[in-house]
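Below you'll find the structure, written out as structure tokens, and then a few comments.
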Amino acid sequence: MDLSSLFVQFLNGLAEASSLFLVAAGLSLIFGVTRIVNFAHGSLYMIGIYLAYTVVQSIGHSPLGFWVALIAAALLVGALGALIEIILLRRIYRAPELFQLLATFALVLVINDATLWIWGPEDLLGPVAPGLNGSIEIFGRYLPKYDLVLIFIGPVVLGLLWLLLKRTRWGTLVRAATQDREMLGALGVNQAWLFTGVFALGSFLAALGGAVQIPRLPANLTLDLSVIGDAFVIVVVGGMGSIPGAYVAALIIAELKALCIALGTVDIFGMSFAFPKLTLVVEFIFMAFVLVFRPWGLFGKVQAATRNTAALEAPLRPSKMPFKIFIAVVVVALAAIPLMADWAPYLPVLMLDILVTALFALSLHFMMGPGGMHSFGHAAYFGLGAYGAALLLKTAAFSMGWSIALAPLIAGVGAVIFGWFCVRLSGIYLAMLTLAFGQIVWSIVYQWDEFTGGSNGMIGIWPDHWLEGKAYYYFALAVVLVSAFVLRRILFSSFGYAMRASRDSTLRADALGINVKRVQWVGFVIAGIFAGLAGVLFVFSKGSASPEIISVIKSVDGLVMVLLGGVQTLLGPAVGAAVFKILQDYFMGITEYWHALFGGVILLLVLAFPQGIAGYFKELFEAPGGFIARRFGKRGRNELA
């Protein structure tokens with residue numbers, strides 16, 4: 001590697017940083033004011049590229065027309081963002097933060113299919129910017145002229161945002177809203193329109209970050225989820241709500257990726273290291289490093305406590321007879337499913353998938369609900385269990401029984417290591433650190449071809465002959481039921497009470513002598529072990545394992561299941577998993593645009609049941625005059641815990 005190559009890669013990093021900064025700055029603004037973790041921000045970036053392609057094709061044939069077209073596309077997306085805020089997000093500002101994330105995830109599905117319907121599935125590469133075609137020579141290397149322009153866009157936008165936020169009354173109100181929104185409302189400021197303006201500006205910046213990429217990057221339907229991970233990383237590394245922090249973080253991450261490309265393959269002590277492979281995960285490694293040593297980001301500070309909290313939960317109480325009868329009926333119905341295979345052959349397959357996902361959701365709920373620890377990377381332990389079983393069976397030649405017994409412990413070891421760091425954080429920072437560790441695991445599995453099969457995965461992981469067909473279904477059913485019973489018993493033990501006390505009030509729990517971090521760490525590990533067990537059941541039911549089961553999408557699916565069912569009920573994750581899988585399976589079979597239909601139903605469920613489906617029926621049954629109250633009086637309340 002020579003210095004000229006390194007310098008050109010450095011300039012490429014500066015160009016990439018500008019686009020990343022635009023997206024991250026919009027996300028940081030939106031979170032700082034509204035406290036919404038906007039998962040749909042990447043979708044606005046994607047629409048910005050598609051709209052820019054269309055508008056540039058119409059009016060961008062001159063240098064002035066090209067740049068006007070980019071700004072016009074970003075303005076259109078800004079208007080769309082304002083509509084989204086007015087129609088949807090205003091209704092859920094008082095909901096818990098994770099339900100807001102669920103709503104924005106549903107928007108991702110809707111917007112993605114809407115984009116597919118309008119522009120089709122083909123990649124669309126925009127024209128070169130008029131007057132900026134070709135390259136310039138720098139020390140014998142060539143750099144596109146357009147990249148030089150991009151280098152200056154980031155600092156210019158940073159300066160304009162600084163002037164807007166520091167030198168205008170609107171900017172003063174925005175900064176005040178990041179500190180105390182309720183006090184701002186008490187002073188007579190119209191918060192609704194302030195929030196709309198901030199969301200529109202954030203959407204404009206996201207779309208502009210996409211629009212300026214059209215000469216460099218084809219518009220495609222995967223951009224929404226690919227860019228949102230980078231945007232979250234930049235915002236968290238820079239410090240939530242810090243615009244200068246977002247720019248510095250974008251610079252660091254873009255330059256780290258450029259450096260990995262510039263280094264290429266390097267021999268160190270006789271071993272070859274392919275640094276370009278690190279571009280998939282280097283930002284997550286850096287984020288994990290920053291969060292471990294500076295939990296609030298490079299330029300961040302401790303966030304004011306949000307008032308977007310759910311109602312206080314009633315204490316858990318042992319189930320009474322009506323609920324036990326209900327569970328017994330459900331178990332009998334589940335046991336009867338294989339007997340229906342003759343007239344509904346697909347039903348046992350679907351139900352087995354539901355059982356596996358239910359156990360995965362139960363494990364996530366254990367740390368999210370009673371534990372109060374949010375995770376965006378829980379699929380890592382699901383994948384460690386699945387790949388652990390596959391490798392023990394295929395590579396180490398262990399029996400199926402030993403593979404099933406040991407694989408969850410492999411996931412548990414991963415949870416021990418990652419959890420030690422994660423439990424030292426809280427809120428969105430904890431969630432993002434779990435995402436970082438999850439992406440690190442995914443990257444290792446995806447790129448270690450010799451050991452894990454890489455992107456091709458592993459195949460031929462089937463149960464022994466005596467456990468095939470119906471026998472495996474009953475085995476999985478028994479494992480899930482026993483796991484659910486064990487998790488429930490843990491929550492009614494002294495450890496479970498200590499975990500919930502640590503969630504409800506860290507200071508009070510610590511004053512009572514509870515080692516809060518140790519309790520949370522143990523809860524984290526327990527959740528990881530049961531997620532690994534779900535991965536074991538999955539790999540033997542499908543006969544294969546692939547990196548997709550460790551991706552962030554799998555983790556988000558788990559979040560959706562838990563939130564659909566209800567965080568405040570122990571039955572909620574199983575209900576959410578069943579509803580999620582049934583709706584997904586049904587919609588996939590009836591339309592090409594099943595993502596949009598699925599997302600629309602999730603939005604309706606969020607608006608209709610903000611406490612989750614199981615949570616809604618629990619409240620309905622327990623409310624004065626409800627079914628349980630009428631049938632059993634006070635004795636029947638709190639039976640759906």
Side-chain angles (χ1 to χ4, degrees), residues 39-40 42-43 46-47 50 84 87-88 91-92 98-122 220-226 228 333-334 337 340-341 343-361 364 379 382 534 538 541-542 546 548-549 551-566 572-610 612-617:
F39 213 85
S43 299
M46 180 184 70
I47 295 176
Y50 274 100
I84 291 173
I87 295 173
L88 173 64
R91 303 174 183 271
I92 58 174
L98 285 177
F99 282 97
Q100 298 167 355
L101 184 145
L102 178 58
T104 58
F105 172 73
L107 278 176
V108 172
L109 300 178
V110 173
I111 293 173
N112 192 276
D113 266 4
T115 306
L116 172 64
W117 180 66
I118 296 172
W119 282 283
E122 300 297 328
N220 63 77
L221 297 170
T222 65
L223 291 174
D224 50 358
L225 295 179
S226 64
I228 191 61
L334 291 174
I337 292 295
M340 307 176 189
W343 61 272
Y346 181 63
L347 186 58
V349 177
L350 175 61
M351 192 53 61
L352 182 58
D353 287 345
I354 291 174
L355 289 173
V356 173
T357 54
L359 180 54
F360 177 60
L364 178 58
F382 183 89
F538 171 85
S541 68
K542 300 299 182 183
S546 63
E548 285 74 21
I549 63 175
S551 68
V552 64
I553 299 302
K554 179 68 177 180
S555 296
V556 172
D557 286 349
L559 278 171
V560 172
M561 295 173 200
V562 172
L563 296 173
L564 275 180
V575 173
V579 171
F580 181 90
K581 292 298 294 184
I582 291 171
L583 288 177
Q584 186 183 63
D585 188 77
Y586 174 72
F587 291 144
M588 286 179 66
I590 63 173
T591 175
E592 176 186 3
Y593 304 105
W594 67 272
H595 287 105
L597 194 56
F598 187 39
V601 171
I602 291 177
L603 281 176
L604 291 176
L605 291 174
V606 169
L607 296 175
F609 309 113
I613 298 171
Y616 170 80
F617 284 102

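No side-chain heavy atom of Glu548 sits under 4.5 Å from any side-chain heavy atom of Ile553. Residues Asp224 and Ile228 form no side-chain contact, since every pair of their non-hydrogen atoms from C-beta on lies 4.5 Å or further apart. Using a 4.5 Å heavy-atom cutoff, the side chains of Leu102 and Leu559 are not in contact. In this structure the side chain of Phe39 reaches within 4.5 angstrom of the side chain of Val556, judged on heavy atoms. Residues Leu597 and Tyr593 have side chains not in contact (no heavy-atom distance under 4.5 Å, counting atoms from C-beta outward).
Between Leu225 atom CG and Met46 atom CE the span is 8.5 Å, to the nearest 0.5 Å. Interatomic distance, CD1 of Ile354 versus CD1 of Ile582, reported as 4.0 Å (0.5 Å rounding). The structure places CG of Leu563 at 10.0 Å from CD1 of Ile602, a figure rounded to the nearest 0.5 Å. Separation of atoms CG (Leu603) and CZ (Phe105) is listed at 11.0 Å; rounding is to 0.5 Å. With values rounded to the nearest 0.5 angstrom, Asp557 atom CG is found 8.0 Å from Ser551 atom OG. Atom CG of residue Leu221 and atom CG of residue Asn112 lie 5.0 Å apart, to the nearest 0.5 angstrom.
Taking both residues in full, the closest heavy atoms of Ala341 and Pro348 are given as CB-CG, 4.0 Å, listed atom of the first, atom of the second, then distance. Heavy-atom minimum distance, Met561 versus Ala361: CB-CB, 4.1 Å. Closest of all the heavy-atom pairs between Phe598 and Gln584 is CE1-N, 4.0 Å. Across every non-hydrogen atom of Leu564 and Gly576, the tightest pair is CB-CA, 4.2 Å.
For residues 600-609, no residue pair satisfies the side-chain hydrogen bond (donor to acceptor under 3.5 Å, both in side chains) rule, not counting sequence neighbours.
Listed by chain and residue number, Asp353 satisfy the salt bridge (Lys or Arg N to Asp or Glu O under 4.0 Å) test with Lys542 (two or more places apart in sequence, or in another chain). Partners of Glu592 according to the side-chain hydrogen bond (donor to acceptor under 3.5 Å, both in side chains) rule, which considers only residues two or more places apart in sequence or in another chain, do not exist here. In this structure, the side chain to side chain contact (heavy atoms under 4.5 Å, CB included) partners of Ala534, at least two apart in sequence or on a different chain, are Leu359, Phe360, Phe382. Here Phe587 pairs with nothing under the ring-ring contact (aromatic ring centres under 6.0 Å, His included) rule; sequence neighbours left out.
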May I have the list of side-chain donor-acceptor pairs in residues 113-120 shorter than 3.5 Å, sequence neighbours left out?
residue	atom	partner	partner atom	Å
Asp113	OD2	Trp594	N	3.4
Asp113	OD2	His595	N	2.9
Asp113	OD2	Ala596	N	2.9
Thr115	OG1	Ile111	O	2.8
Trp119	NE1	Thr54	OG1	2.8

